[in-house]
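Worksheet: one structure, shown below.
Throughout, a chain's letter reflects where its sequence line sits, starting with A, and its residues are numbered from 1.
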There are 2 protein chains.
Amino acid sequence: MTATPGARPVRRYDPQRADRIVDAALDVIAEHGVPNTTHRLIAAAADVPLGSLTYHFTTLEELRARAFTRHAERMAAAYEAHFRTVRSADDVVEAVTDLVHGDAGADPHDWAIAYELYLAALRDPALRTVTGSWMRRSRRVLERFVDPTTARGVDALVEGLVMHKILSTDPVSREQTREIVARAVRPATPPGTGV
Amino acid sequence: MTATPGARPVRRYDPQRADRIVDAALDVIAEHGVPNTTHRLIAAAADVPLGSLTYHFTTLEELRARAFTRHAERMAAAYEAHFRTVRSADDVVEAVTDLVHGDAGADPHDWAIAYELYLAALRDPALRTVTGSWMRRSRRVLERFVDPTTARGVDALVEGLVMHKILSTDPVSREQTREIVARAVRPATPPGTGV
DNA sequence: CAGTCATGTGTACGAGCGTACGCATACCGG
DNA sequence: CCGGTATGCGTACGCTCGTACACATGACTG
């Protein structure tokens, strides 16, 4: 009977601990923001002792980077999955509208982390590669349905709409969003077409 | 001979000091980000002693809020000024393109502060009023030329385009931006018009 | 089944932080 | 001309942070 006292089960052997710590770090970033993301808060969130963090990750900066990388990976995967059922350019409008209004698997929690990442990447070139590959992936998805320039525009539009949605006091209706998106998706005036 | 030593001119009587501190705070936020914006850094940037900050601003949080408020005010004013010469909806496309590509008085420095503000506002409702009134002002400017829904879309688009422009490794060309903006500005398919 | 060593844990330390506060200074109303 | 007081200044305090490190433990190899 080695596990007698009600104190602690002596949590030894925890192979996925590093993973759990990374997820906990994401939770803390989402809830408290990068400035308040400390070793101690993360440790509490992951329910591991403080020393465990410095054991698995040499520095806090490294841990943050891993967390952001994982989040970007997940977001990109969700993005791709969301567009897997889309067939025509018309469906794109609806799919993008879903995206903005949180009906595609990404909630405010996720977007908060995303914006924390953006801001961090503004000053850390290493993180720039993370945001870069994420943006490239999402653009590539859109390019299956629309031309590259339109893809860029729609991608940026989503970013802006979500940000405004989160910050705005008077929110945009789904109807409005659909109309805005439709305008962006509609192909450019093709030089020789029409007349 | 009271001002003998070459050490310091005994900088007494500095009526605009509070103002200067706020501007210094903005510089520090832009360069180092909110997490690293400390009393000591700001004091050094403003070339005032540390104690001067706590004298003029009871708390660091208050100083940050004042700085953000001033910045939002300036950005909104610049926005309005930039559109003062615009006459038709066609000019809007060019004006917005200028905005995105930094030819309208707002440089990466300014945008960095803006995004710091956005993120801070995400967690501080008090700052939400600052971002809210800023967004409202910019939208109202656009509404002089386009319908409200379009204004919302363009406003969000600018946000997203600038962010992508700052973070992206392969930048968007001015040409591309103009095309994207043009698509957003073009009025929606009017349901009952034309016939 | 015994020894090794990767893994897990608690504590301590130096640095930098926000803020408080006592003293110095010069402007200003009388 | 002189005191009162708003303003300017330097320093110190308590706290939290990231990180280091000595010790404990149990899974795995041979």
Separation of [X] atom [atom1] from [N] atom [atom2], in whole Å?
| X | N | atom1 | atom2 | result |
| --- | --- | --- | --- | --- |
| Ile42(A) | dC17(D) | CD1 | C1' | 12 Å |
| Leu41(A) | dT19(D) | CG | P | 15 Å |
| His56(B) | dT19(C) | NE2 | C1' | 16 Å |
| Leu53(B) | dT11(D) | CG | C1' | 15 Å |
| Phe57(B) | dG18(C) | CZ | P | 15 Å |
| Gln16(B) | dT7(D) | CD | C1' | 15 Å |

So, under a plain 3.5 Å distance rule, would you say the side chain of Arg17(B) forms a donor-acceptor pair with the base of dG8(D)?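 In this structure, the two groups form no donor-acceptor pair.
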Pair Arg152(B) + Glu179(A): basic N to acidic O under 4.0 Å: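 Looking at Glu179(A) together with Arg152(B), the answer is no, because their closest N to O distance does not fall below 4.0 Å.
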Run the salt-bridge test on Glu143(B) and Arg136(B) with the 4.0 Å N-O cut-off and return the result as yes or no.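 The answer is no: the pair does not qualify as a salt bridge.
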What is the minimum heavy-atom distance between Asp110(B) and His71(B), and which atoms define it?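 Closest pair (atom of Asp110(B), atom of His71(B), distance): O-NE2, 3.0 Å.
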For Asp124(B), what residues pass the side chain to side chain donor-acceptor pair (under 3.5 Å) criterion, not counting sequence neighbours?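 With neighbours one apart ignored, the set is empty.
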Is there a donor in the side chain of Thr37(A) and an acceptor in the side chain of Arg64(A), or the other way round, less than 3.5 Å apart?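 Arg64(A) and Thr37(A) do not have a side-chain donor-acceptor pair below 3.5 Å.
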Which ones in residues 23-39 of chain A lie close to DNA chain C, meaning a heavy atom under 4.0 Å from one of its atoms?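 Under 4.0 Å from DNA chain C: no residue of residues 23-39 of chain A.
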Could you tell me how the ring of Tyr115(B) sits relative to the ring of Tyr118(B): parallel (under 30°), tilted (30 to 60°) or perpendicular (over 60°)?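 Judged by the thresholds at 30° and 60°, the geometry between Tyr115(B) and Tyr118(B) is perpendicular.
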Given [options], identify the nucleotide with an atom nearest to the side chain of [X].
| X | options | value |
| --- | --- | --- |
| Arg40(B) | dA12(C), dG10(D), dC17(C) | dC17(C) |
| Leu60(B) | dG18(C), dG8(C), dA6(D) | dG18(C) |
| Thr54(A) | dT9(C), dA6(D), dT19(D) | dT19(D) |

Name the residue from Thr97(B), Val96(B), Asp91(B) that meets the side chain to side chain contact (heavy atoms under 4.5 Å, CB included) definition with Val93(B).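 Answer after filtering Thr97(B), Val96(B), Asp91(B): Thr97(B).
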Could you check whether Thr59(A) gets within reach of a base, just the sugar-phosphate, or nothing at all, counting any heavy atom under 4.0 Å?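 It contacts sugar-phosphate atoms only.
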Determine: side-chain N/O of Tyr55(A) to OP1/OP2 of dG8(C), distance under 4.0 Å, yes or no.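 For dG8(C), neither OP1 nor OP2 has a side-chain N or O of Tyr55(A) closer than 4.0 Å.
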Take Leu50(A) and Gly51(B), find for each the nucleotide of DNA chain D with the closest heavy atom, and name the residue whose nucleotide sits nearer the 5' end.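 Between the two, 5'-proximity favours Gly51(B).
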